[in-house]
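One structure is given below, encoded as structure tokens.
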Amino acid sequence: MKEKVTPQSLCDALMRDVYYPFSACVCLDADGNILSLWYFDAAFCTRAPRIAPGTREAWLISSHPEGSMTPEPEERRAAQRLREALGGLPLRTFITSEDDGCLAVAY
């Protein structure tokens, strides 16, 4: 049986053992299948977001190994660039830390 991907399962698989801040954009199709993963450093990345063809929803997940569950200004800017690139498609935003898990946040 195929399991549906969740933000928590991605955080556990991809971010749990990395101890420096970084972000990931996850593009999903209409059935919730992952089309692409794009890892980036929100503080230094200025390239246009990578949105896979067929994307119907995207997630922005930011790893905060220091434990802060508040979005950083550069993550807010990355979210804005993603929203513009998505052209009205939904963007869900999350922060993950070792102590707090993966929480949905608004930014």
Shortest non-hydrogen contact from [X] toward [Y]:
X     : Y      : answer
Pro71 : Val105 : CG-CG2, 4.5 Å
Thr96 : Met15  : CG2-SD, 3.6 Å
Ala43 : Asp41  : N-OD1, 2.9 Å
Phe94 : Trp59  : CE1-CG, 3.9 Å
Met69 : Leu103 : CE-CD1, 3.5 Å

To the nearest 0.5 Å, what is the distance between [atom1] ([X]) and [atom2] ([Y])?
X     : Y     : atom1 : atom2 : answer
Glu72 : Ile95 : CD    : CD1   : 8.0 Å
Leu89 : Arg56 : CG    : CZ    : 6.5 Å
His64 : Ser97 : NE2   : OG    : 9.0 Å

Per-pair distances, 0.1 Å, donor-acceptor, side chain in residues 44-51, under 3.5 Å, sequence neighbours excluded:
none

Tell me, yes or no, whether the heavy-atom count around Arg16 atom CZ, taken from other residues, nucleotides or ligands under 6.0 Å, exceeds 12.
no

Might you confirm whether atom CD of Glu98 has over 12 heavy atoms from other residues, nucleotides or ligands at distances under 6.0 Å?
no

May I ask whether Leu60 and Leu35 are part of the same hydrophobic cluster, defined by side-chain heavy atoms of I, L, V, M, F, W, Y residues being less than 4.5 angstrom apart, directly or through others?
no

Could you see if Leu91 belongs to whatever hydrophobic cluster contains Val5? Use Ile, Leu, Val, Met, Phe, Trp, Tyr and a side-chain cutoff under 4.5 Å.
no

Name the atoms and distances for all side-chain donor-acceptor pairs under 3.5 Å in residues 18-32, with sequence neighbours left out.
{"unit_1": "Ser23", "atom_1": "OG", "unit_2": "Ser62", "atom_2": "OG", "d": "3.0"}
{"unit_1": "Asp29", "atom_1": "OD1", "unit_2": "Asp31", "atom_2": "N", "d": "2.9"}
{"unit_1": "Asp29", "atom_1": "OD1", "unit_2": "Gly32", "atom_2": "N", "d": "3.0"}
{"unit_1": "Asp29", "atom_1": "OD1", "unit_2": "Asn33", "atom_2": "N", "d": "2.9"}
{"unit_1": "Asp29", "atom_1": "OD2", "unit_2": "Asn33", "atom_2": "ND2", "d": "3.3"}

Show, in sequence, the C-alpha distance, side-chain angles and deciding distance for Leu10 and Ile34, and conclude whether the side-chain contact (heavy atoms from CB on, under 4.5 Å) test is met.
CA-CA 11 Å; Leu10 279 177; Ile34 296 174; 3.9 Å; yes

Heavy atoms, side chains only, cut-off 4.5 Å: are Leu14 and Tyr39 in contact?
yes

